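Step one of this worksheet: look at the structure below.
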Amino acid sequence: MEVPLKYRGREVTACDVAFIRTLIAEHPGASRRALSKKLCDAWHWVQPNGAPRDMVCRGLMLALDRAGLIE
């Protein structure tokens with residue numbers, strides 16, 4: 001499957017982008033911060049100390065937005 005973006009070592013596939021679009025559609029009024037927390041939970045994306053990779057996730061979403069892959 002095509003990898004539209006690689007961000008901080010994580011390959012973001014077309015399926016990942018579709019999942020993020022669905023997450024955004026399900027929570028239209030949510031901020032990027034709230035969405036990133038939900039995405040970290042869904043992907044089990046955590047730091048070595050167990051805290052969510054919230055800031056990295058927000059950066060990923062910003063990169064996807066700038067690439068025109070999400071809104």
Side-chain angles (χ1 to χ4, degrees):
M1 177 165 288
E2 180 185 338
V3 178
L5 182 74
K6 189 168 184 177
Y7 188 78
R8 294 205 176 182
R10 182 182 180 99
E11 292 183 351
V12 181
T13 66
C15 288
D16 293 334
V17 173
F19 180 82
I20 294 170
R21 286 179 182 158
T22 301
L23 185 69
I24 293 168
E26 289 174 351
H27 308 302
S31 66
R32 184 174 286 141
R33 182 176 185 182
L35 290 168
S36 70
K37 288 185 178 194
K38 292 180 184 301
L39 186 56
C40 285
D41 287 343
W43 283 0
H44 307 290
W45 203 10
V46 295
Q47 300 174 42
N49 67 2
R53 289 191 173 270
D54 188 41
M55 290 295 294
V56 174
C57 189
R58 275 187 263 164
L60 168 64
M61 293 173 71
L62 180 60
L64 290 171
D65 184 32
R66 288 180 176 165
L69 297 170
I70 64 171
E71 291 183 14

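Computed from a prediction, not measured in an experiment: that's the story for all the values here.
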To the nearest 0.5 Å, how far apart are CG in Leu62 and CZ in Arg66? 4.0 Å
More than 12 heavy atoms from other groups under 6.0 Å of CD on Glu26: yes
Residues in side chain to side chain contact (heavy atoms under 4.5 Å, CB included) with Ala51, at least two apart? Gln47, Asn49
Review item, side-chain donor-acceptor pairs of residues 14-21, under 3.5 Å, at least two apart:
unit_1	atom_1	unit_2	atom_2	d
Asp16	OD2	Thr13	N	3.1
Asp16	OD2	Thr13	OG1	3.3
Arg21	NE	Leu69	O	2.7
Arg21	NH2	Leu69	O	2.6

Side chains of residues 33-44: which donor-acceptor pairs under 3.5 Å do they make with residues two or more places apart or in other chains?
unit_1	atom_1	unit_2	atom_2	d
Ser36	OG	Arg32	O	3.4
Ser36	OG	Arg33	O	2.8
Ser36	OG	Asp54	OD1	2.3

Apply side-chain contact (heavy atoms from CB on, under 4.5 Å) to the pair Ile24 and Glu71, showing each step before the final yes or no. CA-CA 8 Å; Ile24 293 168; Glu71 291 183 14; over 6 Å; no
